[in-house]
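As structure tokens, the structure follows; a few thoughts come after it.
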2 protein chains.
Amino acid sequence: MKTESKRGRPRKFDEDVTLDRIMLVFWQHGYAATSLDQIAEATGLNRPSLYAAFGSKKDMYLKVISRFADQMQAYLHEAGQSTSGLKPKLKAIMAAAIDLYCGKSSFCNAAYGCLAISTLTTEVADDPDFKTMMEHIVQRMDQGFTDLIRAETTGTVPEASVRFAAQHLSLILHGLSVRARAGESRAALQELAEVAVDRLAPEPASDSVV
Amino acid sequence: MKTESKRGRPRKFDEDVTLDRIMLVFWQHGYAATSLDQIAEATGLNRPSLYAAFGSKKDMYLKVISRFADQMQAYLHEAGQSTSGLKPKLKAIMAAAIDLYCGKSSFCNAAYGCLAISTLTTEVADDPDFKTMMEHIVQRMDQGFTDLIRAETTGTVPEASVRFAAQHLSLILHGLSVRARAGESRAALQELAEVAVDRLAPEPASDSVV
DNA sequence: CTATTTTTGTGCGATATGGTACAAAAATGG
DNA sequence: CCATTTTTGTACCATATCGCACAAAAATAG
């Protein structure tokens with residue numbers, strides 16, 4: 001590992017750019033079906049350099065998953081900032097997620113769904129480290145929705161209901177990812193998501209009923 | 001391939017039993033991470049016999065996925081028969097699916113989710129045959145819910161709404177599978193599913209509003 | 001200019017993989 | 001009892017895989 005080196009031959013690659021390229025390879029093929037040669041070709045690096053910089057294939061994958069979770073969280077958070085009110089925010093977040101799942105984002109231009117749901121899910125039954133990572137990912141999604149709902153309802157909804165609704169919304173997101181990778185159109189998914197938010201988001205006790 | 005042979009050395013294995021064992025191997029490891037040696041060990045057959053009986057690894061996998069879809073459909077249909085009324089039927093189906101996803105069925109005793117969602121989803125981006133199969137699977141789930149809802153509402157709900165609700169329920173099922181494989185408890189999933197059905201199943205125009 | 005440090009890249013090696021050739025085995029037909 | 005048919009199982013092949021050894025390359029420190 002290096003942190004801030006001055007001496008020695010300089011690197012020919014940018015770490016972030018390379019990680020993004022590695023991400024795309026795993027995103028398309030999944031973990032097991034991806035070979036280090038494919039990664040080497042996609043990044044322009046050779047295997048020893050990859051290994052020196054990012055560790056084993058498994059290390060790379062876990063790094064990339066964590067990175068994706070961070071980027072996704074920021075991306076969805078930003079989408080939520082574009083409007084106000086719980087349901088509008090949730091709908092904006094869902095719409096952004098669907099765009100990403102369908103290849104309409106700067107992350108990925110193919111309809112590969114969510115990196116974690118599409119590729120990590122398969123691996124969790126074999127490797128405890130992957131299982132742990134998957135649990136973290138799901139928990140993070142739940143937590144993200146929980147925080148948003150709590151903030152937007154400010155005490156008018158019991159905490160248990162907040163968490164419950166958050167899990168429902170995560171559930172929807174997982175389903176949307178699966179269907180996106182299965183080839184469903186963006187428009188169809190957007191319709192489904194919009195109505196799902198209307199039905200599953202908590203109502204803050206008294207509000208204008210549409 | 002054989003259909004009804006009389007001459008020749010008799011087989012030492014039962015085709016259905018063997019296919020079920022192959023299914024379990026793919027279910028746990030996924031397609032790419034499963035080796036023919038693992039299948040050979042799990043079935044007690046050797047690779048040439050496997051190849052002669054079921055074709056290539058890909059052939060086996062597709063056979064197993066189709067078989068699973070058939071078995072799953074029958075299993076869920078039967079679960080729906082245990083009660084009457086749309087929502088009770090849907091809840092019974094969801095409960096049965098969750099049992100299966102969490103390893104509480106005769107199909108599988110581990111929490112591996114849905115075979116197709118957990119393992120096929122990963123592969124669809126690389127192989128058009130897998131993509132086609134995935135589309136079929138999703139369509140079949142939608143169709144199953146569509147038929148049930150239409151039968152139980154008998155014209156009181158417009159066809160478009162029937163199909164839309166069916167897609168919502170499929171979406172929930174996909175999400176439940178993901179969360180089951182991620183380790184979520186059966187009880188938690190059952191709660192989520194029950195409320196989701198209440199919120200997403202269509203109301204037949206005029207009915208007792210809870 | 002020399003020593004040191006870090007990255008690069010060729011090439012290797014041990015293993016695993018999917019698929020198949022081929023002979024032995026085990027049944028039936030005549 | 002012999003020919004035929006089908007399955008079995010050992011052995012094999014070509015290829016792919018991951019990881020690493022090792023020397024050359026490219027920078028800095030003094």
- Task: Evaluate side-chain hydrogen bond (donor to acceptor under 3.5 Å, both in side chains) for A:Thr132 paired with A:Asp129, printing each intermediate quantity in order.
- Result: CA-CA 5 Å; A:Thr132 301; A:Asp129 295 331; 5.4 Å; no

Taking atom [atom2] of [N] as reference, at what distance in whole Å does atom [atom1] of [X] sit?
X	N	atom1	atom2	answer
A:Asn46	C:dT7	CG	C1'	9 Å
B:Glu41	C:dA16	CD	C1'	15 Å
B:Asp37	C:dT15	CG	P	15 Å
A:Leu45	C:dT10	CG	C1'	15 Å
A:Glu15	C:dT7	CD	C1'	13 Å
B:Arg7	C:dG30	CZ	P	7 Å

Does [X] put a side-chain nitrogen or oxygen below 4.0 Å from OP1 or OP2 of [N]?
X	N	result
A:Arg11	C:dT7	yes
A:Lys12	C:dG9	yes
A:Tyr51	D:dC18	no
A:Ser49	C:dT8	yes

- Considering only C:dG19, D:dT5, D:dT28, which nucleotide approaches the side chain of B:Leu36 most closely? C:dG19

- Query: Nearest to the side chain of A:Arg47, which nucleotide is it out of C:dG18, D:dT8, D:dC20?
  - Reply: D:dC20

Pairs: protein N or O with nucleotides 22-26 of chain C N or O, under 3.5 Å:
unit_1	atom_1	unit_2	atom_2	d
C:dA25	O4'	B:Arg9	NH1	3.4
C:dA25	N3	B:Arg9	NH1	3.3

- Message: Quick one about B:Gln73 and B:His77 (side-chain donor to acceptor, distance below 3.5 Å, no hydrogens or angles considered), yes or no?
- Response: no

- Message: Could you check whether B:Tyr61 and B:Thr119, counting side-chain N and O atoms only, form a donor-acceptor pair closer than 3.5 Å?
- Response: yes

- Over-ring placement of A:Lys58 relative to A:Phe130, 6.0 Å and 45° cut-offs: yes

- Query: Should B:Phe107 and B:Trp27 be marked as a ring-ring contact (aromatic ring centres under 6.0 Å, His included) after you check the CA-CA gap, both sets of side-chain angles, and the distance that decides it?
  - Reply: CA-CA 11 Å; B:Phe107 291 86; B:Trp27 208 338; 7.1 Å; no

- Message: For a 4.5 angstrom cut-off between non-hydrogen side-chain atoms, does A:Met134 reach B:Val178?
- Response: yes

